[in-house]
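Scope of the values below: all heavy atoms of this structure, side chains included, with no hydrogens, waters or symmetry mates. Proteins get letters first, then strands, A, B, ... in listed order; numbering begins at 1 in each.
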2 protein chains.
Amino acid sequence: MRLTKGCKKVLDVLESIHELSSAQDIHGRMRNEDDKAPGLTTVYRSLESLVSEGLVQAVDLGDGERRYELVKPGEHHHHLVCESCRQSVHLDQCLIAELEEGIRHKYGFQVKGHILEIFGICKVCTAK
Amino acid sequence: MRLTKGCKKVLDVLESIHELSSAQDIHGRMRNEDDKAPGLTTVYRSLESLVSEGLVQAVDLGDGERRYELVKPGEHHHHLVCESCRQSVHLDQCLIAELEEGIRHKYGFQVKGHILEIFGICKVCTAK
DNA sequence: ATTAAAATGAAACCCATTTCTATTGTGCTT
DNA sequence: AAGCACAATAGAAATGGGTTTCATTTTAAT
């Protein structure tokens, strides 16, 4: 599968932001710079294919708005999300990967995927 | 805080189901049995207070629909959700609780809460 | 019984996402 | 280069949880 124009533009935006961004954020940014940037529908579709390509990961913070983020192809990571400033820190390792084998043994369950996000107060906000 | 009628009915339904159920599910069931059971708004409000009381936990499976489940007061647990039959198995311990101290040290981040759900194929469905 | 506060129901509203339909762009064939 | 088929796109409308609003009813306290 080849990258369409829409996908490329979405990737451009994601490269320039280092924050989790919603589809609407991304669309908004694109339209700010260029009135006839791809429409929202295209952004959603592009994100969908980027996610299935493993170039982008979707993150669910439980607020009803999915966020997206560039990742190293095929990898993923989780976040410490500050409830005060909403900034997020990446965890450098996935805590679940190591547990998969144990889960398979104990429950006979084949792990295919997972959701994990941690909420709290970050270092900076604690200091205040 | 005292339990209102609405809350009690919601609790009744949750006691009778042993599955994760959405607000709409719960409301539907209540209305099936009794045409003038509390309305959807009340169900949402009741769930909100039950959650904040720690009697019910909200579970986010990333599909935009929150599910609810009775828990022992103040406790919570995570799930192995089967992508084939949608049944879920409870994990008997929270994997995150043990990590909180490490996270505080390593990142200076005070953990307040988390989302964790694991997806895959359950024992029964694997056997098929 | 009176009155203030809490709870409720119905409808309106919000907003992310999806669907639908028509249009545009791209590459391929001849 | 012209025609053709199909993928990609836009934009509007529909969908669907969920939330808010507001008028009404219920509850609790005095």
Side-chain angles (χ1 to χ4, degrees), chain A residues 1-14 17 19-53 55-69 81 86 88 115 117, chain B residues 1-14 17 19-53 55-69 81 86 113 115 117:
Chain A
M1 180 255 194
R2 206 189 52 276
L3 292 183
T4 67
K5 277 188 204 161
C7 284
K8 286 203 202 88
K9 293 219 181 97
V10 169
L11 279 179
D12 285 349
V13 174
L14 285 175
I17 318 177
E19 280 303 302
L20 294 169
S21 344
S22 69
Q24 320 247 0
D25 284 345
I26 294 167
H27 178 244
R29 261 167 210 267
M30 281 165 51
R31 280 287 163 97
N32 271 351
E33 293 168 8
D34 175 4
D35 279 353
K36 44 192 189 22
L40 190 52
T41 315
T42 301
V43 172
Y44 275 110
R45 193 142 15 102
S46 300
L47 286 168
E48 189 185 345
S49 41
L50 290 169
V51 168
S52 71
E53 293 288 300
L55 301 176
V56 167
Q57 79 172 334
V59 176
D60 194 317
L61 301 184
D63 66 350
E65 194 173 9
R66 224 167 298 163
R67 317 297 167 93
Y68 299 86
E69 184 178 39
V81 181
R86 301 309 292 174
S88 65
I115 302 178
E117 303 299 332
Chain B
M1 180 253 196
R2 204 192 52 276
L3 291 182
T4 66
K5 280 187 202 162
C7 284
K8 287 201 202 92
K9 293 221 180 96
V10 169
L11 278 179
D12 283 349
V13 174
L14 285 175
I17 318 178
E19 281 303 301
L20 294 169
S21 345
S22 68
Q24 321 246 1
D25 284 346
I26 295 166
H27 178 244
R29 260 167 211 269
M30 281 165 50
R31 282 286 163 98
N32 273 352
E33 294 168 9
D34 174 5
D35 280 354
K36 42 190 192 22
L40 194 50
T41 314
T42 300
V43 173
Y44 276 110
R45 274 192 291 238
S46 300
L47 286 168
E48 189 185 345
S49 41
L50 291 170
V51 168
S52 73
E53 292 289 299
L55 301 177
V56 166
Q57 78 170 336
V59 175
D60 195 318
L61 301 183
D63 65 350
E65 192 173 11
R66 224 167 302 163
R67 318 297 168 95
Y68 299 87
E69 183 177 39
V81 181
R86 302 308 291 175
I115 303 178
E117 302 301 331

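- In this entry the distance linking CG of A:L3 with C1' of D:dA8 reads 14 Å, nearest Å.
- Base engagement by A:L40 is indicated by at least one non-hydrogen atom pair under 4.0 Å involving a base atom.
- The salt bridge (charged side-chain N to carboxylate O under 4.0 Å, His left out) pairs that include a residue from residues 22-34 of chain A number zero, where partners must be two or more places apart or lie in different chains.
- In this structure, B:T42 reaches the C:dG9 phosphate: one of its side-chain N or O atoms is under 4.0 Å from OP1 or OP2.
- Screening A:V13, A:L14, A:D12 for a side chain to side chain contact (heavy atoms under 4.5 Å, CB included) involving A:V10 leaves a single residue, A:L14.
- The nearest whole Å value for the distance from the CG atom in A:L47 to the P atom in C:dA16 is 14 Å.
- Taking A:L40 as the reference, A:Q24, A:H27, A:Y44 meet the side chain to side chain contact (heavy atoms under 4.5 Å, CB included) condition, with sequence neighbours excluded.
- Within the structure, every pair that satisfies the salt bridge (charged side-chain N to carboxylate O under 4.0 Å, His left out) test and touches residues 58-68 of chain A, not counting sequence neighbours, is listed here: A:D63-A:R67, A:E65-A:R67.
- At least one side-chain nitrogen or oxygen of B:K5 sits closer than 4.0 Å to the OP1 or OP2 atom of D:dT27.
- Between A:Y68 atom OH and C:dA16 atom P there is a gap of 12 Å when expressed in whole angstrom units.
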Completion exercise
Heavy-atom contacts, protein to nucleotides 11-17 of chain D, under 4.0 Å, summarised as B (base), S (sugar-phosphate only) or - (none) per nt, yield BB----S

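- Listed by first then second residue, pairs satisfying salt bridge (charged side-chain N to carboxylate O under 4.0 Å, His left out) with a partner in residues 36-48 of chain A number zero, not counting sequence neighbours.
- Separation of atoms OG1 (B:T4) and NZ (B:K9) is listed at 9.5 Å; rounding is to 0.5 Å.
- Atom P of nucleotide C:dT24 and atom NZ of A:K36 are separated by 14 Å, given to the nearest angstrom.
- Taking both residues in full, the closest heavy atoms of A:G6 and A:S46 are given as C-OG, 3.5 Å, listed atom of the first, atom of the second, then distance.
- Atoms NZ (B:K9) and C1' (C:dT8) sit 11 Å apart, rounded to a whole Å.
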Exercise for the section: Check the pair A:V56 / A:E69 against side chain to side chain contact (heavy atoms under 4.5 Å, CB included), numbers first and verdict last. Expected result: CA-CA 5 Å; A:V56 167; A:E69 184 178 39; 5.8 Å; no

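- Put simply, CD on A:E48 is 15 Å from C1' on D:dT9, counting in whole angstrom units.
- Counting heavy atoms from C-beta on, the side chains of B:P38 and B:M30 come closer than 4.5 Å.
- With a cut-off of 3.5 Å on both pairing distances, the Watson-Crick and G-U wobble pairs of DNA chain D assemble into stems of 3 or more at C:1-30 with D:1-30.
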